[in-house]
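Residue numbering restarts at 1 for every chain, and letters A, B, ... go by the order of the sequence lines.
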Number of protein chains: 2
Amino acid sequence: MSPPPAPRKTVGRPPRFSRQEVVDTARRLVDAEGVDRLTMRRLAAEIGSTPMALYHHVRNKEELLVLLLDDYAGRTLRRRELPADPRERVLAAAEAIHRALADCPWIVEVLTADDLMATSALWYVEQIVDGLIACGLTPEQAVHGYRSLWYYTAGEIVVRATAARRRADSDRATYREQVFAGLDPAELPRLARLGARWADLTAEDTYPAGLRALLTGLLARGAG
Amino acid sequence: MSPPPAPRKTVGRPPRFSRQEVVDTARRLVDAEGVDRLTMRRLAAEIGSTPMALYHHVRNKEELLVLLLDDYAGRTLRRRELPADPRERVLAAAEAIHRALADCPWIVEVLTADDLMATSALWYVEQIVDGLIACGLTPEQAVHGYRSLWYYTAGEIVVRATAARRRADSDRATYREQVFAGLDPAELPRLARLGARWADLTAEDTYPAGLRALLTGLLARGAG
DNA sequence: TACCGTTTTTGTACGCGTAAGGAAACTAGC
DNA sequence: GCTAGTTTCCTTACGCGTACAAAAACGGTA
């Protein structure tokens with residue numbers, strides 16, 4: 001189509017498509033048909049190639065998903081105004097990350113990365129670490145604090161998403177109700193008394209509250 | 001081999017093996033050869049049957065893994081002496097759960113359950129909820145608090161395990177170091193200054209510290 | 001031109017989880 | 001004994017991720 005823009009500068013067979021093309025096509029596919037339909041064969045067909053050709057641009061499917069997540073985060077996590085108060089800034093940054101990731105339904109398969117943040121959402125990480133330091137933590141404590149916030153956030157998303165998925169294709173909720181209904185009040189009095197309310201209580205969104213609690217504890221610990 | 005011990009009381013073709021046998025055999029297989037080698041075909045061969053026969057005892061492979069995890073938790077999470085002081089009791093119970101699960105290397109594939117605890121480790125959940133109430137929280141706050149502790153714990157395990165797995169079969173750490181080495185100090189001063197120390201800092205085990213911080217915050221919030 | 005080293009693509013093949021439907025093994029009623 | 005009903009098991013087949021090896025497409029040299 002386009003004329004060779006410059007004399008080739010690399011040796012070897014020229015690639016028919018780029019890694020970015022792979023990611024972009026994968027994103028289109030996921031957006032259009034859902035993450036289940038993203039298979040290496042389907043993606044190759046969409047690109048007009050063969051499955052194994054993809055593997056020269058991407059180590060394996062997991063890496064593709066990580067790239068996809070990075071791409072998504074890079075587009076979604078645009079820098080916003082954050083509060084000036086350091087504590088509020090930490091909260092806002094963590095909640096921004098959480099919101100962006102929770103809105104990404106196919107996230108769970110990838111969201112077990114400890115270094116996801118290292119590629120595109122680093123600015124938010126910076127805000128969190130800086131905010132913690134501004135609150136009186138040492139840099140070491142701040143990094144550890146960030147890790148704790150990340151554990152909490154990732155755990156919330158993964159647990160909640162998986163629960164939703166399981167609920168979708170089985171009667172697991174019913175099963176849990178049965179378990180809670182059959183509890184022995186003598187042995188597990190608190191849980192037995194809570195009984196049916198457990199399902200409702202655990203269905204509530206307590207991410208912000210827990211986040212604040214964790215942060216409070218982190219700061220108290222740093223000060224103490 | 002053995003004579004029919006009693007006239008059959010159920011209608012239909014008698015099963016050649018039980019669900020418990022499936023779980024037990026799967027456990028043996030996992031213990032002996034690792035979770036990667038646990039495939040439906042291999043398991044069926046071990047039992048002396050066919051893959052599809054398993055599906056009448058187990059909905060799918062994920063359910064098998066959940067059963068396996070329950071089985072494991074039921075054997076590992078024996079009730080121990082816990083401290084009398086409620087705050088210490090909560091910490092000890094959470095740490096017991098964390099320790100048991102973190103020692104179970106194949107956990108990650110399943111550890112995205114929000115209702116794992118509902119089958120075998122309920123006693124610990126009871127201890128946590130009860131301890132939180134004893135610390136002054138309402139039952140509702142206690143349940144929410146337990147959820148937060150669970151998010152944090154599950155997140156820590158999943159993130160850490162996946163990081164270890166990725167580190168095992170790739171040079172992802174190197175990649176992360178490159179990212180951190182190339183940071184612009186003007187834009188991300190905190191992270192740039194931390195630089196190489198990031199890897200060391202995030203490698204430390206901060207689970208107990210974060211757990212205490214979270215608990216502190218939960219109790220402060222409940223009291224305030 | 002012919003060849004070489006390099007990089008990318010392709011073809012083939014394996015084991016995987018599991019959907020679908022038929023076969024097999026039992027009990028209950030006749 | 002015979003059938004009908006019920007439960008469990010097996011056969012076949014599909015699409016999946018991807019290992020492995022051969023082929024193809026280039027730039028560089030002779």
Fill in: A:Asp36 CG - C:dG17 P separation (whole Å)
18 Å

Worksheet item: Ion pair present between A:Arg16 and A:Glu21, side-chain N to carboxylate O less than 4.0 angstrom?
Response: no

Worksheet item: With a 4.0 Å cut-off, would you call A:Arg28 and A:Asp24 a salt bridge?
Response: no

Worksheet item: Would you call A:Arg147 and B:Glu204 a salt bridge, taking side-chain N to carboxylate O under 4.0 Å as the test?
Response: no

Practice prompt. Figure out the CG/P separation between A:Leu54 and C:dT8, and round it to whole Å.
Written response: 14 Å

Discussion item. Show the nearest heavy-atom pair for residues A:Val90 and A:Ile128, with the distance to one decimal.
Written reply: CG2-O, 3.7 Å

Worksheet entry | All pairs passing ring-ring contact (aromatic ring centres under 6.0 Å, His included) where residues 16-68 of chain B contributes a residue, at least two apart | B:Phe17-B:His57

Worksheet item: C:dT10 P sits how many Å from A:Ile47 CD1, rounded?
Response: 11 Å

Worksheet item: How does protein reach along nucleotides 9-19 of chain D, written 5' to 3' as B (base within reach of a heavy atom under 4.0 Å), S (only sugar-phosphate), or - (no contact)?
Response: BBB----BBBB

